[in-house]
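Below is one structure, written out as structure tokens; the observations come after it.
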Protein chains: 2
Amino acid sequence: MTRSEENYLKAIFHLGNGEAGSISTNAIAEQMETKPSSVTDMAKKLAEKGLVHYKKYQGISLTDAGTRTALSIIRKHRLWEVFLVKKLDFTWDEVHEVAEQLEHIKSEKLIDKIDALLDFPKYDPHGDPIPTKDGKFMERDKQLLSEMPIHAQGVCVGVKDSSAPFLKFLDKNKIALGNTIKILDKEDFDQSLQIQMEGRELRISHQIASNLYVKKND
Amino acid sequence: MTRSEENYLKAIFHLGNGEAGSISTNAIAEQMETKPSSVTDMAKKLAEKGLVHYKKYQGISLTDAGTRTALSIIRKHRLWEVFLVKKLDFTWDEVHEVAEQLEHIKSEKLIDKIDALLDFPKYDPHGDPIPTKDGKFMERDKQLLSEMPIHAQGVCVGVKDSSAPFLKFLDKNKIALGNTIKILDKEDFDQSLQIQMEGRELRISHQIASNLYVKKND
DNA sequence: ATTAAAATTTAGACAAATCTAAAAATAGGT
DNA sequence: ACCTATTTTTAGATTTGTCTAAATTTTAAT
Ligand SMILES: [Mn+2]
Ligand SMILES: [Mn+2]
Ligand SMILES: [Mn+2]
Ligand SMILES: [Mn+2]
């Protein structure tokens, strides 16, 4: 497996949101920041290797083998992110770029030892679930803050947008995963929210609320 | 810098034993397990980038910039080796292969944090010195066991051959870095040595003795 | 059913890193 | 000084992953 092949499989997986379903050439090209013609070339190669299903003009989808490979890359990516935050004091906005490199290191022993060192974490610093060694996913029961009803209460458990600017914004406003959150008011005009978080009150735009995942209290 | 370029610089540095001096095309080809014609091609590219001095038929040598780059790769390689042994319980015969991959990860912050996590080690698991951030080398005052006089005493501080088979052999015979060692007798016939190590006595072939570095006691 | 727009594939090119085979330069022995 | 063996370079090909431009197929609107 080349690094490029691994990145394609990961992109296809992410575009399918974990589900099966066919992904378009253009969507993959955009995600990979490459051209559609390059995607077609790679689709043929991956199909040849039994990692994707590909029929001309019909889109691309992962085979079981392709899904397994994608999950193993994602597992490595997220474990490395946890490692960087927990053991090396990286902030959650710094880890992605480095994990993009580390996820391609080939050593089963290495990643298993990292997993053990971190005490087998279930989620990465952005709240995304870490697949187990055998590719099992533990997706959390969560919803976007923007989709929760007024007066609902919950715990921040993840971000939808994990770009550095958004994460830094959250830091600046002391919004962190694990914080409890309660919707005090919803503004009809701009759909901004008045919320209570860890004692204090603050106002949050719709854009922010639609990128924050919350686990509702029972 | 591509991974291949980095590997060439590292190979040239190692072949020069850290000193300046011109290295032959064939020597580099052998070290890199590639063909001389490939080395010539790379020599031109690296010369273009100011990393090596190269004149047709005159051999190849590192510029100051090339040396700095080589040292930074070696620094990363050796720090990762220490990390694998100290934090992840790898054995010293397992680390090299993985470090060959990890040494190419591009993140200054990452390697500095690993350095700090390890408490700024001076030597790697094979006794090789770890260059500082600014490329300073602390080569130890050591000599091959095979070149020490009879009755001399010292401490094992490194291996010349760090191949897995040799390292496993040392493990099996409980010969480890840090052990004290005393030469009891030298056999003229086959140049084997009778030594005392950590209480017990054992016989060591010349081949072994000429791959073990010892720091002589004052 | 036509047709225009969008998506996708093909054809041909290119850069990086490698190879083989052939040519050129160097080094060493007489 | 000459010849030969060795070393090194060149020329041309290959693989991987990418690109642009052109051709083809699909889609969706009339
Ligand atoms: Mn990430
Ligand atoms: Mn993440
Ligand atoms: Mn090593
Ligand atoms: Mn080493």
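By convention in this document, chain letters (A, B, ...) are assigned in the order of the sequence lines, proteins followed by strands, and residues within each chain are numbered from 1.
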On a heavy-atom basis, the closest approach of Ile60(B) and Ala43(B) is CD1-CB, 3.6 Å
Between CD of Gln58(B) and P of dT8(D) the distance, given in whole Å, is 10 Å
Taken to the nearest whole Å, CG/Asp41(B) to C1'/dA13(D) is 13 Å
Here the distance between atom C1' of dT27(D) and atom NZ of Lys56(A), to the nearest Å, is 18 Å
With sequence neighbours left out, the residues meeting side chain to side chain contact (heavy atoms under 4.5 Å, CB included) with Asp141(B) are none
So ring-ring contact (aromatic ring centres under 6.0 Å, His included) across residues 92-133 of chain A, not counting sequence neighbours, yields His77(A)-His96(A)
Q. Counting only N and O atoms by type, is there a donor-acceptor contact under 3.5 Å from the side chain of Thr63(A) to the main-chain atoms of Leu51(A)?
A. yes
Polar side-chain atom of Asn17(A) near backbone of Glu19(A) as donor-acceptor pair, under 3.5 Å: no
task: Compare all side-chain heavy atoms of Ile28(A) with those of Met42(A) and state whether any distance is below 4.5 angstrom.
output: no
Here the distance between atom P of dT8(D) and atom NZ of Lys44(B), to the nearest Å, is 14 Å
Item to check | Tyr54(B) side-chain N/O to dT9(D) phosphate OP1/OP2 under 4.0 Å | outcome: yes
Expected list for residues 30-38 of chain A near DNA chain D, using heavy atoms below 4.0 Å, is Thr34(A), Lys35(A), Ser37(A), Ser38(A)
Measure from the side-chain N and O atoms of Asp161(A) to the backbone N and O of Ser163(A), and report whether any donor-acceptor pair falls under 3.5 Å.
-> yes
Notebook entry, point to check: Counting N and O atoms only, with roles assigned by atom type, does the side chain of Thr25(A) sit under 3.5 Å from a partner on the main chain of Pro36(A), one being a donor and the other an acceptor?
Noted result: no
Checklist entry - Hey, are Arg75(B) and Asp112(B) close enough for a salt bridge, meaning a charged N less than 4.0 Å from a carboxylate O? => result yes
For residues 94-104 of chain A, the salt bridge (Lys or Arg N to Asp or Glu O under 4.0 Å) pairs (sequence neighbours left out) are Lys10(A)-Glu100(A), Lys10(A)-Glu103(A), Glu94(A)-Lys109(B)
Ordered by number, residues from residues 21-28 of chain A within less than 4.0 Å of DNA chain C (heavy atoms) are Ser24(A), Thr25(A), Asn26(A)
From NZ of Lys55(A) across to P of dT26(D) the rounded distance in Å is 12 Å
Residues of residues 2-10 of chain B with a heavy atom under 4.0 Å from any atom of DNA chain C, listed by number, are Thr2(B), Ser4(B), Tyr8(B)
Note to self: Do Val98(A) and Trp80(A) make a side-chain contact, defined as non-hydrogen atoms from C-beta onward lying under 4.5 Å apart?
What the structure shows: no
